[in-house]
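Contents: one structure, followed by commentary.
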Amino acid sequence: MSVMQNNSEKSKWYLPGVLGGLSVTMKHMVTNLLNRKKMMTLNYPEEKYDYSPRFKGNHVLTVKKDGSLRCTACMLCATNCPAECIKIVAAEHNDPAVEKFPIAYEIDILRCVFCGFCEEACPVDAIRLGPEWQTPAVNGGQFIYDINHLAYRPNLKGGIQTHVDDEERHKQGI
Amino acid sequence: MPKCTINGKEVEVKEGSSIIEAMQVSGDRIAHYCWHPGLSVAGVCRLCVVEIEGNPRVQIACNTMVTEGMKINNTSEKVKDTVKWGLDFHLINHPLDCPICDQAGECGLQDQYMEYGKYDPEMAEAKVKKHKVVDLGPTVVLDSERCILCSRCVRFTEEVSKTNELGLFNRGDRTEIGTHDGMPLDNNYSLNTVDICPVGALTSKDFRFRQRVWYLKDGDSVCNGCSTGCNIKVYYNKEGLFRIKPVYNEKVNGHWMCDSGRNAYKFVNREARLLKGVARGVEMAPGAAAKNANEVLKNTAGDAIALVLTAQYTLEEYEAIIKTFVEEFKTKKVFFWINNKETFDSFDGLLSRGDKNPNTKGLLKVMEKHGITATWNDLSAGLANGSIKTVVVAGPENQVVFPEYAERLKELSKAQNLIWMQSGKNEALSALTGNVWIIPMKTFVEKDGTFINYSGLEQKIKKVTTVVSEALTLTEAALLLAGKNLAMPMTAPFMPTNQRPDQVELEHRKKNEFVFRRGSL
């Protein structure tokens with residue numbers, strides 16, 4: 001690696017540079033003091049930055065119109081997952097139209113790499129990576145997201161519906 | 001022996017064999033659903049088409065016999081196009097259930113589509129809706145939408161099980177498989193219909209939704225369910241065993257096996273197993289418990305020791321334990337515990353036998369070799385008058401087929417010291433107190449050995465997986481009971497070169513736990 005050294009006479013005059021930098025700082029300080037609404041920083045826990053809706057954050061399990069889970073426990077997400085962080089237990093549903101559904105769906109969020117392969121593998125749009133990006137927890141157990149958290153956590157307000165609808169598909173004869 | 005040419009290769013086949021059989025011989029791949037080597041030819045799927053030289057039209061291979069000098073080809077564009085369109089017709093009403101369907105991963109339609117299909121569907125009509133989740137009987141569930149009407153299951157109940165429960169009803173695209181009125185699919189061979197179903201129309205209630213097939217590894221073994229000794233594949237992963245399927249063996253079971261044999265995986269799984277040994281009420285490792293039991297055997301006179309064996313262990317194990325008792329402990333009191341004596345010789349005419357032990361012949365052979373003539377009455381008398389003080393029992397692996405287990409346990413526990421070796425949990429056994437040793441054993445999938453079936457055929461089994469690693473085989477237990485130590489089999493000096501003698505070749509590495517069947521989607 002080569003290092004450029006500026007040994008000219010001009011480089012010995014450091015004070016104008018220092019003062020120039022300081023003036024930028026002072027300018028921001030004065031504007032922030034006089035006009036707090038235009039301040040560039042956020043007070044983090046109270047104020048949060050919203051990423052674009054395409055952002056790949058925490059997982060969401062989508063629900064049907066009646067609020068039940070869309071997931072059919074086909075395990076394609078778990079198969080496709082490079083981090084092997086998804087664990088699903090399937091069971092037979094009472095409703096013959098549903099047939100198969102997950103009784104347990106767990107994501108070990110500490111292993112997850114947020115690659116989005118699960119989303120891509122899902123044939124029924126049941127799992128998505130949502131815009132939420134905060135994953136704090138107090139202990140290890142809270143980093144394993146269970147089915148309730150994934151589908152019905154409070155900020156999902158009763159679950160997220162998908163545009164895919166079985167009944168409509170069946171009516172069209174698909 | 002007619003000779004024919006298949007895709008340019010000359011093949012000689014048996015007299016009267018069909019083209020599809022000739023293709024099995026030559027190793028060429030051919031699309032087919034309805035043809036099954038164990039069933040009659042129906043010719044309903046129209047997929048196994050081939051072009052025969054001199055014949056303007058394509059023919060189905062399953063119902064055309066090979067004649068001398070026939071030139072057959074199934075790689076031409078004409079054949080490929082025919083198969084593609086045939087497949088399109090099969091898929092007209094087939095639902096896209098793959099996420100729910102249990103057959104996904106080992107489905108004929110998926111395979112054929114990937115090999116011969118891959119087209120844009122040109123059907124604009126709505127799919128015909130049929131019945132979903134039809135309860136056919138105690139073991140099988142039907143989804144008639146997925147059914148492609150190959151009639152394999154119907155032919156199976158007609159020709160093999162001869163119970164005739166299933167039939168094809170209605171006409172045209174409303175045809176459905178179903179059971180005849182008031183006749184549920186309830187026979188001891190019903191799960192074979194699930195095996196031969198090329199799509200996911202028939203699924204096993206026992207296996208349904210429990211595991212996706214691509215998470216399972218398989219290993220060959222011999223069924224432990226009865227003395228027929230059907231060749232099987234056990235499907236397992238780190239959570240345990242999930243199902244058993246038959247493997248073709250002309251001499252033993254053909255293509256089939258019975259439903260009760262398929263339950264043989266249940267007593268192998270961890271939740272059904274003894275995990276810790278017990279010595280006089282103290283829990284310890286199985287090996288330690290066996291070593292502990294040596295104390296009492298050492299201090300008992302030879303005449304006062306009895307060995308009770310069930311016919312559920314391997315030939316090598318019997319040899320080891322009987323040899324130990326005859327030579328180390330100087331006793332010839334070895335008894336054969338026969339379960340369900342009355343039905344022992346019965347046979348249902350197909351596969352299932354009344355003798356529910358895999359190795360009765362093997363046990364009798366070893367007993368005869370060591371000149372053992374003791375009968376159960378001797379044991380009862382000895383226990384009653386107190387001349388037999390220490391009883392060692394190699395109990396059943398499969399407890400379901402030992403209905404009189406509790407009575408025998410009661411009888412044997414009259415002995416002063418009871419050393420009981422068995423693989424499965426049993427409440428009555430664990431409740432015993434006093435001078436009782438319980439030693440967990442390995443099951444048939446966890447050890448190598450030989451089973452001799454009813455006809456005297458010796459079949460080797462290989463270790464498939466380990467469920468309870470600490471459990472002992474009867475050979476190991478015999479060594480420990482005799483006060484010896486377990487020796488690690490060391491055939492060669494450790495790593496003489498950089499090359500292992502069992503170096504895994506690439507072909508075998510495909511069966512590696514971490515890559516096996518993953519990524520094939």
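Keep in mind that the numbers below use all heavy atoms, side chains included, and drop hydrogens, waters and symmetry copies. Being a predicted model, the structure only gives us computed values, none of them experimental. Every chain is numbered from 1, with letters handed out A, B, ... down the list of sequences.
- For a residue to count as touching a neighbouring chain, one of its non-hydrogen atoms must lie under 4.5 Å from one of that chain's; by this rule A/Pro123 touches chain B with the side chain only.
- Two residues are said to be in side-chain contact when any heavy atoms from C-beta on lie closer than 4.5 Å; A/Thr79 and B/Arg212 fail this criterion.
- Under the 4.5 Å side-chain criterion, counting only non-hydrogen atoms from C-beta, B/Pro99 is not in contact with A/Met75.
- Annotation for A/Tyr14: atom OH does not count as buried by contact number, only 12 or fewer foreign heavy atoms lying within 6.0 Å.
- A distance of 5.0 Å separates CH2 of B/Trp214 from CG of A/Leu76, quoted to the nearest 0.5 Å.
- The number of heavy-atom neighbours closer than 6.0 Å to NE2 of B/His180, taken from other residues, nucleotides and ligands shown, is above 12.
- When the shell of 6.0 Å around CD of B/Glu271 is examined, it contains more than 12 heavy atoms from other residues, nucleotides or ligands.
- Atom CZ of B/Phe89 sits in a sparse spot, with 12 or fewer heavy atoms from other residues, nucleotides or ligands closer than 6.0 Å.
- In this structure the side chain of A/Glu92 never reaches within 4.5 angstrom of the side chain of B/Arg210, judged on heavy atoms.
- A/Ala121 does not touch chain B: none of its heavy atoms, backbone or side chain, sits under 4.5 Å away.
- Every pair passing side-chain hydrogen bond (donor to acceptor under 3.5 Å, both in side chains) that includes a residue from residues 93-102 of chain B is listed here, sequence neighbours excluded: B/Asp97-B/Lys132, B/Asp97-B/Arg146.
- The two residues B/Ile100 and A/Val98 have their closest heavy-atom pair at CD1-O, 4.2 Å.
- Judged as a ring-ring contact (aromatic ring centres under 6.0 Å, His included), and not counting sequence neighbours, A/His28 has no contacts.
- Shortest non-hydrogen contact noted between A/Ala90 and B/Phe209 is CB-O, 3.5 Å.
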